[in-house]
Protein chains: 2
Amino acid sequence: MSPRNDRYRSSLNEFYHLHEKGRGVLTQAEDRQAKIVELLREQNFVDIRTLTERFDISVATVRRDLDELEGAGLLRRTHGGAVNVNQVAQDATNAARLISKQAEKAAIAEVAAGMVADGDTVLLDAGTTALEVAKKLSGRSSLTFISNGLDIIAELSRFDGQSIYSVGGEYTETNRSFRGPLAEHFIRQFNADKLILNAASIDVDRGLICTGSPLNASVARAMIEISRRVIVVADHSKFTKSSLSVVTRIEDVGVVVTDAGAKSIIDAAPDKLRKKFVVAN
Amino acid sequence: MSPRNDRYRSSLNEFYHLHEKGRGVLTQAEDRQAKIVELLREQNFVDIRTLTERFDISVATVRRDLDELEGAGLLRRTHGGAVNVNQVAQDATNAARLISKQAEKAAIAEVAAGMVADGDTVLLDAGTTALEVAKKLSGRSSLTFISNGLDIIAELSRFDGQSIYSVGGEYTETNRSFRGPLAEHFIRQFNADKLILNAASIDVDRGLICTGSPLNASVARAMIEISRRVIVVADHSKFTKSSLSVVTRIEDVGVVVTDAGAKSIIDAAPDKLRKKFVVAN
DNA sequence: CGAAGATTGATCGTTTTCGATCATTTTCCA
DNA sequence: TGGAAAATGATCGAAAACGATCAATCTTCG
């Protein structure tokens with residue numbers, strides 16, 4: 001019997017080869033889960049039997065996959081299957097990205113969310129880690145939110161009684177955000193207590209926080225300008241990557257929250273930088 | 001986590017009480033089934049327990065309802081509930097009437113989408129009918145989109161290679177859009193070829209297009225100002241409602257696309273207005 | 001008013017799914 | 001290469017959902 005259904009090599013793996021060089025290809029599980037989400041987006045519903053046949057795996061594994069995906073907010077379990085969540089269209093690429101390092105991101109988000117005080121105006125940069133922070137915060141009342149991330153706005157929109165401001169601008173597919181000069185101008189009209197800033201990479205040697213493109217960097221700098229305290233969130237994989245554009249110096253931000261995987265790198269940093277880091281877990 | 005679930009209910013009841021009374025009330029069962037379908041259109045999945053609680057009926061009745069609706073091709077049963085089916089055409093018995101509003105919106109959207117030319121910049125007002133238009137257009141290339149509707153942006157974001165601009169501003173739950181002075185200022189920086197404008201109600205006697213709140217009206221007027229041609233979309237139910245705020249006069253828009261259900265009302269209108277209407281189907 | 005028909009609710013035995021546990025296989029590093 | 005960790009599969013009792021049947025209630029109309 002043919003164990004796996006590889007009729008089409010999903011563009012997913014290509015994506016990861018290009019952009020996640022550090023950690024290599026998707027695992028079988030991630031690949032499968034991404035396909036499940038993809039399938040759900042097309043058909044709205046899949047039952048467990050279908051999935052076992054399609055991927056030639058046991059019901060136990062299917063259940064585990066679905067539970068995990070539900071935990072990541074990518075679908076909703078039902079008796080005998082799962083349904084698509086229709087808040088916002090998520091594509092499978094993002095699905096896989098969300099799943100990877102889910103636990104670390106949740107831990108980081110918990111710590112970052114703890115730094116937000118009641119009554120704060122919170123500016124959330126687009127990104128999967130910031131999205132986790134949004135999930136932690138979206139229950140709390142008396143907060144005001146601003147974000148340029150489509151998925152973050154969608155997440156926040158699920159709850160009543162909060163002030164939510166979406167940053168306008170040109171939509172970009174890569175991180176599902178709004179950016180460009182219009183976005184920057186828009187941001188500058190606000191005044192935020194806390195900024196949750198996503199880093200694409202962190203270069204401890206040079207003391208820099210970086211992001212994927214100059215346009216993102218420019219938006220990020222506008223965000224920093226209008227915020228009283230800057231909280232950078234980055235899982236450990238960000239410390240061994242590099243990315244194109246410099247956003248700011250590490251010593252100029254309030255704090256960088258990361259996970260235990262970055263411990264060794266942080267310990268090797270000079271005192272001045274080291275005190276900026278907070279390790280979750 | 002407690003996502004809101006009660007937001008559709010009120011508008012549904014209003015709709016049915018207001019507009020179905022005259023020509024013979026729906027039976028309790030029909031009423032219930034129609035609501036189930038509407039519910040599914042919005043949230044993709046409902047479980048049986050939820051339905052028993054919402055309508056205060058037994059599981060047996062819920063099952064019978066779902067079986068019947070499945071027979072009519074309006075949904076698909078699952079263990080413990082039902083999921084939405086992305087339908088094509090239905091056989092026109094009891095089913096046609098239930099999905100009529102959906103079908104009419106799709107027909108209206110088809111006509112409105114046909115008025116958009118290649119290369120156009122299209123401004124899409126938030127709303128379910130405009131969302132249908134977005135679905136028709138989102139495949140086409142060489143279009144530029146601007147919208148203040150969260151769901152519309154999400155829909156458009158599913159496709160590559162299009163320019164999409166999201167209007168920034170304060171998020172409002174009622175129609176899941178961004179509005180307020182920031183939104184208006186944002187909109188005025190653009191220049192659009194076509195505007196797809198959602199009407200909450202149309203008062204033919206007074207010749208007015210109306211919407212639910214002054215804030216929405218204000219945003220709508222900004223949209224009108226920057227657009228070369230205004231295409232209003234409204235199903236026939238909008239002609240027998242009334243809503244709070246005036247947006248503009250019918251004679252000042254380019255065209256109003258509606259469905260055959262509004263035929264009699266339109267025919268009774270003075271010539272000057274009548275030529276503004278286009279009936280889909 | 002009252003009987004026929006339709007709608008709804010309750011019951012019960014059967015089938016399906018769930019979740020937890022444990023054995024087995026695979027993967028990943030040191 | 002060997003061993004730990006992770007992923008997967010199998011099993012089984014419990015819980016949930018199903019369908020069918022029958023009784024109770026509501027509608028309709030002669």
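Quick note on labels: first sequence line is chain A, next is B, and so on, each numbered from 1.
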### Query
In whole Å, what is the span from the CG atom of A/Asp56 to the C1' atom of D/dT8?
12 Å
#### Entry: Ion pair A/Lys35/A/Glu38, N-O distance below 4.0 Å
no
### Task
Figure out the CD1/P separation between A/Ile48 and C/dG19, and round it to whole Å.
9 Å
### Where protein sits on nucleotides 19-24 of chain D, one letter per nucleotide: B base, S sugar-phosphate only, - none, heavy atoms under 4.0 Å
------
#### Entry: Nearest atoms (heavy-atom pairs only) where A/Glu155 meets A/Ser138
OE2-OG, 3.6 Å
### Message
Taking A/Asp267 first and then A/Lys263, would you say they form a salt bridge - that is, a charged N and a carboxylate O separated by under 4.0 Å?
### Response
yes
### Message
Rounding to an integer number of Å, can you tell me how far A/Asp47 CG sits from C/dT17 C1'?
### Response
12 Å
### Message
When you compare the side chains of A/Asn44 and B/Asn44, does any donor N or O come within less than 3.5 Å of an acceptor on the partner?
### Response
yes
### Message
Tell me whether B/Arg49 at atom CZ has more than 12 heavy atoms from other residues, nucleotides or ligands lying less than 6.0 Å away.
### Response
no
#### Entry: C/dT8 phosphate, OP1 or OP2, under 4.0 Å from B/Thr61 side-chain N/O
no
### Query
Between A/Gln33 (CD) and D/dA7 (P), how many Å, whole number?
9 Å
### Query
Of the nucleotides C/dT8, D/dG9, C/dC18, which has the atom closest to the A/His79 side chain?
C/dC18
### Query
Within the structure shown, what part of the strands sits under 4.0 Å from B/Thr52 by heavy-atom distance: base, sugar-phosphate, or nothing?
nothing
### Query
Between D/dT8 atom P and A/Leu51 atom CG, what is the distance in whole Å?
14 Å
### Contact nearer the 5' end of DNA chain C, comparing A/Arg49 with B/Val62
B/Val62
#### Entry: Spacing of A/Ile57 atom CD1 relative to C/dT24 atom C1', expressed in whole Å
17 Å
### Five-pair end axes of the helix from C/dC1-D/dG30 to C/dA30-D/dT1, angle between them (10°)
40°
### Message
I need the CG-C1' distance between B/Asp65 and C/dT8, as an integer number of Å.
### Response
10 Å
### Message
Hydrogens and angles aside, do B/Thr50 and B/Asp47 bring a side-chain donor and acceptor to less than 3.5 Å of each other?
### Response
yes
### Message
Salt bridge check, A/Lys136 against A/Glu110: does any charged N sit closer than 4.0 Å to a carboxylate O?
### Response
yes
### Message
Just verifying a value: how many Å separate A/Thr172 OG1 and A/Leu150 CG, rounded to the nearest 0.5 Å?
### Response
11.5 Å
### Task
Measure the spacing between OG of A/Ser177 and CG of A/Leu124 and express it to the nearest 0.5 Å.
13.0 Å
